[in-house]
Amino acid sequence: MAPELIGKRLVRRLDGRRLSGLIVEAEAYMGSEDPASHAFRGQTPRNRSMFGPPGHLYVYRSYGVHFCANVVTSEEGEATAVLLRALEPIDGTETMRRLRGLDEVRLLCSGPGRLCQALGIGLEHDGTDLLGEEIVVEEGEASPRVIATTRIGLTVARDRPWRFVLAGSRFTSRGVVN
DNA sequence: GCAAAGATCCAG
DNA sequence: TGGATCTTTGCT
């Protein structure tokens, strides 16, 4: 499900404004089969939304400082999710700049924590239904070229090629991949 | 109850 | 390269 999200458009409605961006980077976390997944050791209070129905958000705090947002992609009871890691900003870049306290567009959403800050996503969005009003995934590029690489920031299961990036994008969290 | 690690970001 | 910052988890 992670590669399918690349090239789609993430839309966030905030105070009547529309913020959106093209999803250019995402990572898959394969639930109980994946030592790097928060769900590997079973359900806990923090990760319970990952075990819920698909199409909902799993948001958690990272390193005590940032928030990271995942799309749940498996049926209820399983816990496969896709971490949204980077967007190419499209609509609402002025609002994103304000929320990020930063001018440079390339850096507004180029990382999971940055993306959440730019879109105003926090723990209150844990469990949010992506078919609702606040946060939605829309169609984007017709046939994006997607490249698979290894995931970032892990101490285990580093060999699995479950990070997906839009080929040639300058808006990823690391350098351009072709 | 406590200790350790963590799907990060930014400054120096 | 290291510090900030703090929650979650697992073990004693």
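Reckoned from all heavy atoms, side chains included, excluding hydrogens, waters and symmetry mates. Below, read A as the first sequence line, B as the second, and so on, with proteins coming before strands; counting in each chain starts at 1.
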Donor-acceptor pair (no angle test) under 3.5 Å: A:Tyr60 side chain, B:dA7 base: yes
A:Arg100 vs B:dC10: side-chain N/O to OP1/OP2 distance below 4.0 Å: yes
Sugar-phosphate only, base, or nothing, as touched by A:Leu83 at under 4.0 Å among non-hydrogen atoms: base
Nearest-nucleotide comparison on DNA chain B, the residue closer to the 5′ end among A:Thr155 and A:Arg114: A:Thr155
Candidates C:dT7, B:dA7, C:dT8 - which lies nearest the side chain of A:Arg85: B:dA7
Pi stacking test for A:Tyr63 and C:dA4: under 5.5 Å apart, planes under 30°: no
Separation of atom CG in A:Leu107 from atom C1' in B:dC10, rounded to whole Å: 11 Å
Length of the CD1-P vector between A:Ile152 and B:dC9, whole Å: 10 Å
A:Pro45 or A:Val65, whichever maps to the more 5' nucleotide of DNA chain C: A:Val65
Heavy-atom check, side chain of A:Val105 versus side chain of A:Arg97, under 4.5 Å: yes
Sub-4.5 Å side-chain heavy-atom contact between A:Ile121 and A:Phe67: no
Euclidean distance, atom CD of residue A:Glu104 to atom C1' of B:dC9 [Å, nearest integer]: 16 Å
Length of the line joining A:Phe40:CZ and B:dA7:C1', which is rounded to integer Å: 15 Å
Complement of C:dT5, any strand, by Watson-Crick or G-U distances under 3.5 angstrom: none
Single hit among A:Glu25, A:Arg174, A:Arg163, A:Glu27 for side chain to side chain donor-acceptor pair (under 3.5 Å) with A:Thr149: A:Arg163
From B:dA7, C:dT7, B:dC9, nucleotide with atom closest to A:Arg61 side chain: C:dT7
Sugar-phosphate, base or nothing in reach of A:Arg158, heavy atoms under 4.0 Å: nothing
Distance in angstrom units between A:Leu102 CG and B:dT8 C1', rounded: 15 Å
Nucleotide C:dT7, atom P - distance to CG of A:Asn47 in whole Å: 17 Å
Atom-pair distance (OH on A:Tyr29; P on B:dG6), nearest Å: 12 Å
Nearest listed nucleotide, side chain of A:Arg41, among B:dA7, C:dG10, B:dC10: C:dG10
A:His38 NE2 to B:dT8 P, straight-line distance once rounded to whole Å: 9 Å
Lys/Arg-Asp/Glu bridge criterion (N-O < 4.0 Å) met for A:Glu138, A:Lys8: no
Qualifying residue for side chain to side chain contact (heavy atoms under 4.5 Å, CB included) with A:Leu5, from A:Val146, A:Leu10, A:Val82: A:Val82
Mate of B:dC2 where both pairing distances stay under 3.5 Å, Watson-Crick or G-U: C:dG10
